[in-house]
Asker: 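Next up is a structure, given as structure tokens.
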Amino acid sequence: KTIYQHFKDKDTVVLEVTKQYLHQEETDLQKIHDTAKDPIEELVSISKWFREMLSNMDTSLLHDMQKYHHSSWTVFHEHKEKCIFCSIIENLEAGKKLGLYRSDLNEKIISRFRVESTQMLFNAEAFSHSEFNIRQLQMEVFEHFVYGIVTEKGREIFEKYKQELK
């Protein structure tokens with residue numbers, strides 16, 4: 001007996017696993033959002049969660065999904081647009097209201113930049129995975145992002161939370 005008694009083919013297996021993973025990701029991110037004291041703590045907690053996830057992930061996964069499993073890639077892309085992109089916009093708006101983030105930020109541009117810069121970490125042409133540690137890359141890109149959006153008040157708060165990232 002094989003797994004294919006329950007699934008039509010490998011693409012269907014990959015699609016169902018992708019959907020299940022993305023559902024769990026949404027649940028995890030919502031819990032982080034609901035328990036964060038402020039938008040900066042939310043970013044720090046998500047960064048920490050993301051690094052833990054990276055330690056269990058093959059960095060070629062997204063490339064393979066895009067190349068070989070189109071339906072799964074489409075679901076992932078839709079998730080990125082509906083869940084990730086929108087949650088970053090909400091975080092930026094909340095941070096601006098609290099004076100933690102620069103008031104002149106364009107939320108749509110910065111959110112797009114954040115989503116795409118995070119995905120770029122998986123691109124072996126941009127960052128050789130034999131030369132760069134994916135967790136180190138994520139931390140560098142994350143800090144660059146945060147320092148680019150915070151006010152002085154936000155920077156002081158981030159510096160306190162940053163100790164949790166070590």
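Sequence positions, counted from 1, serve as the residue numbers for this chain.
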Asker: Dump the intermediate steps for side-chain contact (heavy atoms from CB on, under 4.5 Å) on Phe122 and His63, then the final yes or no.
Answerer: CA-CA 8 Å; Phe122 295 94; His63 174 266; over 6 Å; no

Asker: Got a donor-acceptor contact below 3.5 angstrom from the Ser103 side chain to the Gly99 backbone?
Answerer: no

Asker: Got more than 12 heavy atoms from elsewhere within 6.0 Å of NE2, His79?
Answerer: yes

Asker: In the structure I gave you, are the side-chain heavy atoms of Asn91 and Tyr101 within less than 4.5 Å of one another anywhere?
Answerer: yes

Asker: Would a 4.5 Å heavy-atom cut-off, applied to side chains only, mark Ile84 and Glu25 as touching?
Answerer: yes

Asker: Within the 4.5 Å heavy-atom criterion, are Thr118 and Phe142 side-chain neighbours or not?
Answerer: no

Asker: Out of the candidates Ile110, Leu100, Ile40, only one should pair with Ile149 under the side-chain contact (heavy atoms from CB on, under 4.5 Å) rule; please name it.
Answerer: Ile110

Asker: Val150 versus Ile157: any side-chain heavy-atom pair under 4.5 Å?
Answerer: no

Asker: Do other residues, nucleotides or ligands put more than 12 heavy atoms under 6.0 Å from Glu140 CD?
Answerer: no

Asker: Are the side chain of Arg51 and the backbone of Ser47 linked by a donor-acceptor contact shorter than 3.5 Å?
Answerer: yes

Asker: Between Thr74 (side chain only) and His70 (backbone N and O only), is there a donor and an acceptor less than 3.5 Å apart?
Answerer: yes

Asker: How long is the straight-line distance from CD of Glu131 back to CZ of Phe127, given to the nearest 0.5 Å?
Answerer: 10.0 Å

Asker: Do Lys80 and Glu116 pass the salt bridge (charged side-chain N to carboxylate O under 4.0 Å, His left out) test, and can you show the C-alpha distance, the side-chain angles, and the key distance before you say yes or no?
Answerer: CA-CA 10 Å; Lys80 189 172 74 167; Glu116 297 306 323; 3.4 Å; yes

Asker: Can you find a pair of side-chain heavy atoms, one from Trp73 and one from Asp64, that are under 4.5 Å apart?
Answerer: no

Asker: From Leu105 CG over to Leu92 CG, what is the distance, rounded to the nearest 0.5 angstrom?
Answerer: 6.5 Å

Asker: Please check if Val14 and Val75 belong to a single hydrophobic cluster, counting links between Ile, Leu, Val, Met, Phe, Trp and Tyr side chain heavy atoms closer than 4.5 Å.
Answerer: no

Asker: Compute whether any side-chain donor of one residue and acceptor of the other, for Glu90 and His33, lie under 3.5 angstrom apart.
Answerer: no

Asker: Would you call the rings of Phe113 and His144 parallel, tilted or perpendicular if under 30° counts as parallel and over 60° as perpendicular?
Answerer: tilted

Asker: Taking atom CG of Leu121 and atom CZ of Arg135, what is their separation to the nearest 0.5 Å?
Answerer: 13.0 Å

Asker: Calculate, to the nearest 0.5 Å, the distance between atoms CD and OG belonging to Glu41 and Ser45 respectively.
Answerer: 4.5 Å

Asker: Can you confirm whether Phe158 sits close enough to Lys153 that some side-chain heavy atom of one is under 4.5 Å from a side-chain heavy atom of the other?
Answerer: no

Asker: Kindly indicate whether a cation-pi arrangement holds for Arg155 with Tyr147, taking the cut-offs as under 6.0 Å to the six-membered ring centre and within 45° of the axis.
Answerer: no

Asker: Answer yes or no: is there a donor N or O on one side and an acceptor on the other, between the side chain of Asp11 and the main chain of His69, under 3.5 Å?
Answerer: no

Asker: Take atom CD of Gln20 as the centre, draw a 6.0 Å sphere, and report whether it contains more than 12 heavy atoms from other residues, nucleotides or ligands.
Answerer: no

Asker: Take atom OH of Tyr68 as the centre, draw a 6.0 Å sphere, and report whether it contains more than 12 heavy atoms from other residues, nucleotides or ligands.
Answerer: no

Asker: When you measure from the side chain of Ser117 to the backbone N and O of Arg114, does any donor-acceptor pair fall under 3.5 Å?
Answerer: yes

Asker: Report the distance from atom CD of Glu93 to atom CG of Leu98, rounding to the nearest 0.5 Å.
Answerer: 12.0 Å

Asker: Which atoms form the tightest heavy-atom contact between Cys83 and Glu26, and what is the distance?
Answerer: SG-CG, 3.5 Å

Asker: Which is it for Glu42 and Lys37 under the salt bridge (charged side-chain N to carboxylate O under 4.0 Å, His left out) test, yes or no, and what are the steps along the way?
Answerer: CA-CA 8 Å; Glu42 181 180 4; Lys37 295 180 202 108; over 6 Å; no

Asker: Specify the closest pair of heavy atoms between Leu15 and Ser71, including all atoms of both residues, with the distance to one decimal.
Answerer: CD1-O, 3.8 Å

Asker: I need the minimum non-hydrogen distance between Ser111 and Ile89, along with the two atoms involved.
Answerer: OG-CG1, 3.1 Å

Asker: Is the shortest distance from a Lys or Arg side-chain nitrogen in Glu152 or Arg102 to a carboxylate oxygen in the other one below 4.0 Å?
Answerer: no

Asker: So how far is it from Lys48 NZ to Met139 CE, rounded to the nearest 0.5 Å?
Answerer: 11.0 Å

Asker: Assess whether side-chain contact (heavy atoms from CB on, under 4.5 Å) is satisfied between Tyr21 and Glu16, documenting all intermediate values.
Answerer: CA-CA 9 Å; Tyr21 172 80; Glu16 290 306 313; over 6 Å; no

Asker: Can you check whether Phe85 reaches Arg112 side chain to side chain, under 4.5 Å on heavy atoms?
Answerer: yes

Asker: Find out whether Glu156 and Lys160 are in side-chain contact, i.e. whether some heavy atom of one side chain is under 4.5 Å from a heavy atom of the other.
Answerer: no

Asker: What's the shortest heavy-atom distance between Gly95 and Pro39, and which atoms?
Answerer: N-CG, 3.6 Å

Asker: How far apart are the C-alpha atoms of His77 and Gln66, what are their side-chain angles, what is the distance that settles it, and do they pass the side-chain contact (heavy atoms from CB on, under 4.5 Å) test?
Answerer: CA-CA 10 Å; His77 185 72; Gln66 185 176 16; over 6 Å; no

Asker: Would a single hydrophobic cluster contain both Leu61 and Val115, if residues Ile, Leu, Val, Met, Phe, Trp and Tyr are joined by side-chain heavy-atom contacts under 4.5 Å?
Answerer: yes

